[in-house]
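Down below is the structure, laid out as structure tokens.
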Amino acid sequence: MVACPPAMMNPQRTRILAAVAAIPRGRVASYGAIAARAGLPGRARLVGRALREAPAAPALPWHRVLRADGRVALPAGSAGFAEQCRRLAAEGVTVRNGRVALAAFGLDPDLDRALWGSPG
DNA sequence: CCGATGACTCTGC
DNA sequence: CGCAGAGCCATCG
């Protein structure tokens, strides 16, 4: 029998999920930003893995996580893609052709720095 | 240990 | 805007 699925509570993943959960409603953030906020700079892929293997968190606003260019990371046409666009729209986030204007809905670097206390 | 894969990102053309 | 290459790191065979 399998000891334990890879979905075990890891400190790293916990931080990632926490960073995702910290995204304000109606706003979006990139994988890289989440990774950085989770203390894992350069591990954007890890964020994707965490989200992919973290369906155990129904309250997790995973739909607020987009790629660095504001596009939905999921393949267009997939269930997840539609779901993400739907949830974003429900929060007032304008999704245009599977893409979100980070300039309008993305977290401002300056404001982010002020709120999160990142070194500047 | 090595090669392949992936909800990533940056740079160059 | 699109495509290709390289860098990145964790997981799997």
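The shown structure was predicted, so the numbers you read here are calculated from the model rather than taken from an experiment. The chains referred to below are lettered A, B, ... by the order of the sequence lines, with proteins before strands, and numbering in each begins at 1. Just so you know, these numbers use all the heavy atoms, side chains as well, and skip hydrogens, waters and symmetry mates.
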Nearest to the side chain of [X] - [options]?
{"X": "A:Arg49", "options": "C:dA10, B:dA7, C:dT11", "value": "C:dT11"}
{"X": "A:Leu51", "options": "B:dA7, B:dT9, C:dT11", "value": "B:dA7"}
{"X": "A:Leu46", "options": "C:dA10, B:dA7, B:dT9", "value": "C:dA10"}
{"X": "A:Trp62", "options": "B:dC10, B:dA7, C:dT11", "value": "B:dA7"}

Expressed as a whole number of angstroms, how long is the span from [X]:[atom1] to [N]:[atom2]?
{"X": "A:Arg13", "N": "C:dC9", "atom1": "CZ", "atom2": "C1'", "value": "16 Å"}
{"X": "A:Arg71", "N": "C:dC3", "atom1": "CZ", "atom2": "P", "value": "10 Å"}
{"X": "A:Glu53", "N": "B:dA7", "atom1": "CD", "atom2": "P", "value": "10 Å"}
{"X": "A:Tyr31", "N": "C:dA10", "atom1": "OH", "atom2": "C1'", "value": "16 Å"}
{"X": "A:Leu102", "N": "B:dC8", "atom1": "CG", "atom2": "P", "value": "15 Å"}
{"X": "A:Leu74", "N": "B:dC8", "atom1": "CG", "atom2": "C1'", "value": "13 Å"}
{"X": "A:Arg43", "N": "B:dG6", "atom1": "CZ", "atom2": "P", "value": "21 Å"}
{"X": "A:Ile34", "N": "B:dT9", "atom1": "CD1", "atom2": "C1'", "value": "15 Å"}

Could you check if a side-chain atom of [X] sits within less than 4.5 angstrom of a side-chain atom of [Y], using non-hydrogen atoms only?
{"X": "A:Arg25", "Y": "A:Arg64", "value": "yes"}
{"X": "A:Val47", "Y": "A:Leu40", "value": "no"}
{"X": "A:Gln84", "Y": "A:Leu66", "value": "yes"}
{"X": "A:Asn10", "Y": "A:Ile16", "value": "no"}

B:dA7 and C:dG13, which share atom name C1', separated by this distance in whole Å: 23 Å
Distance-only donor-acceptor test, A:Arg45 side-chain atoms vs C:dC8 base atoms, 3.5 Å: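 Pair found.
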How long is the span from the CG atom in A:Leu88 to the OG1 atom in A:Thr94, to the nearest 0.5 Å?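 Atom-to-atom, A:Leu88:CG and A:Thr94:OG1 are 10.0 Å apart.
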OP1 or OP2 of C:dT11 less than 4.0 angstrom from a side-chain nitrogen or oxygen of A:Arg52, does that happen here? no
